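All remarks here apply to the structure that follows.
Worth saying up front: this structure is predicted, and the values here are computed from it rather than measured. Positions are given from 1 along the sequence.
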Amino acid sequence: METFPKIISVDDHTVEPAHVWRDRLPSRYADTGPRVVRAPLKEMTFMGGKFAPVMGAKGDDGPVGDWWVYEDLHRPLTRLDTAVGYDRDEIKLEIITYEQMRPGSYSVPERLADMDVNHVQSALCFPTFPRFCGQTFTEAKDRELGLLGVRAYNDWMVEEWCGPEAHGRLIPLTLVPLWDAELAAAEVRRNAARGVRAVAFSEIPPHLGLPSIHADDWDPFLAACDETGTVIAMHIGSSSRMPSTSADAPPAVGSTITFANCCFSMVDWLMSGKFERFPNLRIMYAEGQIGWIPYILERADVVWEENRAWGGVAEKVHRPPSELFAEHVYGCFFDDAFGLKNLDAIGVGNVLYETDYPHSDSTWPRSREVGEEQMGHLAPDVVDRIVRGNAIELLGLTEDGLWAGA
C-alpha cells in the first residue's frame, strides 16, 4: 500500500512497575498487598492450559527472577509476559527480572518509542499481574484489600500510565471488583467521570466461580456500562482457563484454539437478552481473531429461527443474533488473513486491529507490514476503519485518535 493508517491497537499489555501498589495502598498492607521480591524458581509448568509456578526460598538453587507476592500468591515475571525483541526460538517459559525485559513493557517513554517503531499511534493496554480482568483481586481473601487494590490499579492506569507523559497515546482500561456488581457499577461510574471508556471483564465468569451473563446478578454493572458508554473488553484467558483438550496437552494445542473461549462467550451474550435490555452496551474480544465469526453467526441465526421455542430464548431474544452482533460486538485481530478475506460476512464496522505488544504472539515491530500484506485487497477507506476508525468511534477518542481524558 502507498500509505497505511497509523494503528490504534486495542490489545496491548502493560507490565506493572513494582511501585504501583506499594505507593497507593495504606501502610498497614505493606506485608500483604502486591509487592515485588527477587527469588529463585523451584519449578514451573504450563500444561493443559494451567500455569503452575513454585517459588523457591532464598539461597535455593534455580534461576532467579522477580516475583509478585500478594497474600498467598507467588506469580513470577516470565519471558512470555514480555517477549518482543527476542527471536521466536529464544522465547521459552522462563522467569526473568525487570532488567531482562524490554523497558517499553513498563515505562511510558520507552513504550511510546516502541510504538513509533511499529507505526502505532495509540494503544489500549490490558494488565499483567492482576490478570486480564483483575481476577487476581477476586481470588484474594481480604475483600477490603482487594477493592483497594482494584482502585489503586485504576488510579495508576489513569493518572500515570495514561497520564500527561503519554500525550493521549495510551488509552485507559480499568478493572472492577468482580465479586460485587454494585461495587463494580460504582467503579465504572468513578472512572467514566474521568474519561475512561473501557473496562475489563471475564469472557466466561462461571469459570471464576461467578454468575453467568444469563443471570440478573450483573445487571447493576451492565447498567453502569450502558449509561456511561463504557465498552466491556474481554481478553482471551480472562476466565483463568485457557482452552485445551487434556491435562497433558502441550501449550501449542491451547495456543492454536485460543479463540474458543471468545466463541463460547459471544454465543452467551447473543442468547442472553442483555443487548435488548441494555441497548447501548458494546463488547469486544481482544486477541480472539475474527475468522471463526461468520459460521457462529450463521449457526446462531439458525438456532434462533428454528429452535427458540424450546431453546430458552424466545422470551428474551427478539431479533436474529447476527443483527445483535452487528450493533454490539467487536472482534479484534492481529494476524488473520482468512478473516479479512471474509470481511463481508463479519462486517467492516465490527473489526478492530491490535499488535499484542509485548507478548510472544505480537507482530511488533512488523504490525504495519502484516497489515499491508493481509489487507492489500481492501479499499483504503475500509482499511482505515479497521486500523483506526472503528476504535476511535468505539472508545470515544479524538479525531486524531488520542485519548482526551475527562
>> Looking at Asp87, I want to see if its CG is surrounded by more than 12 non-hydrogen atoms of other residues, nucleotides or ligands under 6.0 Å.
In response: yes
>> Would you say the rings of Tyr330 and Tyr285 are close, in the sense that their centroids are separated by under 6.0 Å?
In response: no
> Does a side-chain heavy-atom distance below 4.5 Å link Trp403 with Val158?
Replying inline: yes
> Stepwise, does the side-chain contact (heavy atoms from CB on, under 4.5 Å) test hold for Lys274 with His328?
Replying inline: CA-CA 10 Å; Lys274 300 301 183 183; His328 299 275; over 6 Å; no
>> Just by distance, no angles: are the side chains of Thr82 and Ser105 close enough, under 3.5 Å, to form a donor-acceptor pair?
In response: yes
> Between Asp248 and Ser246, do the side chains contain an N or O donor and an N or O acceptor separated by less than 3.5 Å?
Replying inline: yes
> Does the side chain of Met234 reach to within under 4.5 Å of the side chain of Trp269, using non-hydrogen atoms?
Replying inline: yes
> Do His13 and Asp11 get their side chains close enough for a donor-acceptor pair, meaning under 3.5 Å?
Replying inline: yes
> Counting N and O atoms only, with roles assigned by atom type, does the side chain of Glu165 sit under 3.5 Å from a partner on the main chain of Val108, one being a donor and the other an acceptor?
Replying inline: no
>> Show, in sequence, the C-alpha distance, side-chain angles and deciding distance for Val370 and Phe334, and conclude whether the side-chain contact (heavy atoms from CB on, under 4.5 Å) test is met.
In response: CA-CA 8 Å; Val370 171; Phe334 58 81; over 6 Å; no
> Would you say the side-chain atoms of Glu203 pair up with the backbone N or O of Gly237, donor to acceptor, closer than 3.5 Å?
Replying inline: yes
>> So, taking the atom named CE in Met271 and the one named NE2 in His214, what distance separates them when rounded to the nearest 0.5 Å?
In response: 9.5 Å
>> Run Phe275 and Val317 through side-chain contact (heavy atoms from CB on, under 4.5 Å) and show every step you take.
In response: CA-CA 9 Å; Phe275 292 141; Val317 181; over 6 Å; no
>> Tell me whether Arg277 contacts the main-chain N or O of Ala223 through its side chain, where contact means a donor paired with an acceptor under 3.5 Å.
In response: no
>> Checking the side chain of Ser202 only, and the main-chain atoms of Ser238 only, is there a donor and an acceptor separated by less than 3.5 Å?
In response: yes
>> Regarding Thr136 and Tyr70, do their side chains bring together a donor and an acceptor under 3.5 Å, going by distance alone?
In response: no
>> Quick check for you: to the nearest 0.5 Å, what is the distance between Asn118 atom CG and Arg366 atom CZ?
In response: 10.0 Å
> When you measure from the side chain of Asp301 to the backbone N and O of Ser322, does any donor-acceptor pair fall under 3.5 Å?
Replying inline: yes
> Just by modelled atom types, is the Asp400 backbone N or O under 3.5 Å from a matching donor or acceptor in the Gln121 side chain?
Replying inline: yes
> Does any donor atom in the side chain of Gln374 or Asp336 lie under 3.5 Å from an acceptor atom in the other side chain?
Replying inline: no
>> Treating Asp12 as the side-chain partner and Asp356 as the backbone partner, does any N or O pair qualify as donor plus acceptor under 3.5 Å?
In response: yes
> Is the Phe129 ring parallel, tilted or perpendicular to the Trp21 ring (thresholds 30°, 60°)?
Replying inline: perpendicular
> Should Trp304 and Leu270 be marked as a side-chain contact (heavy atoms from CB on, under 4.5 Å) after you check the CA-CA gap, both sets of side-chain angles, and the distance that decides it?
Replying inline: CA-CA 10 Å; Trp304 179 82; Leu270 292 176; over 6 Å; no
> With no hydrogens and no angle check, do the side chains of His119 and Glu372 hold a donor and an acceptor under 3.5 Å apart?
Replying inline: no
>> Please report the interatomic distance CZ(Arg189) to CD(Glu227), rounded to the nearest 0.5 Å.
In response: 4.5 Å
>> Just checking Phe137 against Tyr153, ring centres under 6.0 Å apart?
In response: no
>> Does the plane of the ring in Phe126 sit parallel, tilted or perpendicular to the ring in Phe132? Use 30° and 60° as the thresholds.
In response: perpendicular
>> Looking only at side-chain N and O atoms, does Asp114 offer a donor or acceptor that is under 3.5 Å from a partner on Tyr357?
In response: yes
> Roughly how far, to the nearest 0.5 Å, is the CG atom of Leu183 from the CZ atom of Arg143?
Replying inline: 10.0 Å
> Trp218 and Phe201: aromatic ring centres closer than 6.0 Å?
Replying inline: yes
